[in-house]
Amino acid sequence: MTISRKVTTGILAAAAFIFTATTQAQETTNAATNYDQGFRLGVGLNAGYSTNDPYKLALGADVRGQYDLSKRYSLTLTTGYTNLFQSKADGFPGQTEGKDLGLIPAKAGFKAFIWDDQFYVMGEAGAAFAVSNVDNTRDKTSLLLSPSIGYATKYIDVSLNYTHYNHFDRINNNGSLGRGVGQVGVRVAYGFKL
């Protein structure tokens with residue numbers, strides 16, 4: 001099992017355990033039925049580390065729209081820009097020096113608050129579009145999957161996430177060309193109601 005699959009499996013198992021361990025019976029109260037549904041907007045910065053060669057550091061920024069279905073459940077739409085950095089010594093076969101890969105993610109997600117209406121688990125899926133140094137990969141568009149866990153207050157949102165770009169090229173441990181680039185990252189965002 002590759003390192004990225006182990007990381008993905010571990011994060012998904014932890015998220016499933018947290019979600020199932022904290023599931024509880026729903027109480028029907030007037031406060032729950034009269035919850036003020038609404039939209040939120042968040043602007044975030046992302047930093048992380050790629051789990052696959054030749055990429056190393058990942059930095060980006062995003063904008064996330066969130067619609068609160070209830071006090072505990074929300075739908076999200078996220079887009080932004082992410083840059084996967086390579087050192088000059090690294091690169092794909094045929095490259096004289098490594099080139100960074102810039103991409104624009106477009107994700108839809110579901111967020112569930114599991115503890116004190118501040119700790120949450122979230123899953124997102126979507127597409128990532130390569131926009132700079134597109135010669136780094138055979139496919140210019142990739143499936144994107146991203147589970148995360150986080151903590152949110154009225155204005156601040158901090159989360160730990162794993163993002164997997166299914167169709168982007170990587171270098172396998174034996175030096176051959178493979179597919180699928182993963183990244184572990186932290187997102188810090190400022191959010192507000194619209």
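- Phe85 does not carry Lys56 over the face of its six-membered ring by the limits of under 6.0 Å from the centre and within 45° of the normal.
- We find the CG-CG distance between Asn52 and Asp169 to be 11.0 Å, quoted to the nearest 0.5 Å.
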Derivation of the ring-ring contact (aromatic ring centres under 6.0 Å, His included) call for Tyr155 and Phe192 | CA-CA 6 Å; Tyr155 297 108; Phe192 52 91; 8.4 Å; no
Steps toward side chain to side chain donor-acceptor pair (under 3.5 Å) verdict (Gln183, Tyr165) | CA-CA 9 Å; Gln183 135 194 356; Tyr165 307 101; 3.3 Å; yes
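- Proximity of a side-chain donor or acceptor of Thr82 to a complementary backbone N or O of Gly60 within less than 3.5 Å is not detected.
- Atom CG of Asn166 sits about 7.0 Å away from atom CG of Leu145, to the nearest 0.5 Å.
- Within the model, atoms CG of Leu143 and CZ of Phe168 stand 10.5 Å from one another, a figure rounded to the nearest 0.5 Å.
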Go through the steps for Ser74 and Asp68 under the test side chain to side chain donor-acceptor pair (under 3.5 Å), then give the verdict.
-> CA-CA 4 Å; Ser74 302; Asp68 297 329; 2.8 Å; yes
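- By the 4.0 Å N-to-carboxylate-O rule, Lys111 lies too far from Glu124 to be salt-bridged with it.
- The structure places OG of Ser159 at 6.0 Å from CE of Met122, a figure rounded to the nearest 0.5 Å.
- The two residues Leu57 and Gly48 come nearest to each other via the heavy atoms CD1-O, 3.3 Å.
- Aromatic ring pairs are classed by plane angle as parallel below 30°, tilted from 30° to 60° and perpendicular above 60°; the pair Tyr67 and Phe39 is tilted.
- Put simply, the side chain of Thr76 never gets that close to the backbone of Gln66: no donor and acceptor are under 3.5 Å apart.
- In this structure, Thr51 contributes its side chain and Gly182 its backbone to a donor-acceptor pair below 3.5 Å.
- Listed by chain and residue number, Trp115, Tyr151 satisfy the ring-ring contact (aromatic ring centres under 6.0 Å, His included) test with Phe119 (two or more places apart in sequence, or in another chain).
- From Thr163, atom OG1 reaches atom CG of Asn46 across 8.0 Å, with rounding to the nearest 0.5 Å.
- Interatomic distance, CD1 of Ile171 versus OH of Tyr55, reported as 8.5 Å (0.5 Å rounding).
- Under a 3.5 Å cut-off, the side chain of Thr78 and the backbone N or O of Ala108 do not form any donor-acceptor pair.
- The two residues Tyr120 and Val158 come nearest to each other via the heavy atoms OH-O, 4.2 Å.
- Side-chain contact between Lys107 and Leu77 is absent, with no heavy-atom pair separated by less than 4.5 Å.
- Within the 4.5 Å cutoff, the side chain of Leu75 has heavy atoms near those of the Leu69 side chain.
- By the 4.5 Å heavy-atom criterion applied to side chains, Val184 and Tyr49 are not counted as neighbours.
- Residues satisfying the salt bridge (Lys or Arg N to Asp or Glu O under 4.0 Å) test with Arg40, not counting sequence neighbours, are none.
- Taking each heavy atom of Ile104 and Gly80 in turn, the nearest pair found is CG2-O, 3.4 Å.
- Salt-bridge check for Asp53 with Arg170: failed, with every basic side-chain N at 4.0 Å or more from each acidic carboxylate O.
- Across all their heavy atoms, Leu101 and Ala130 have their closest contact at CD1-CB, 4.0 Å.
- Residues Gly102 and Asn83 come closest through the heavy atom pair CA-OD1, 3.7 Å.
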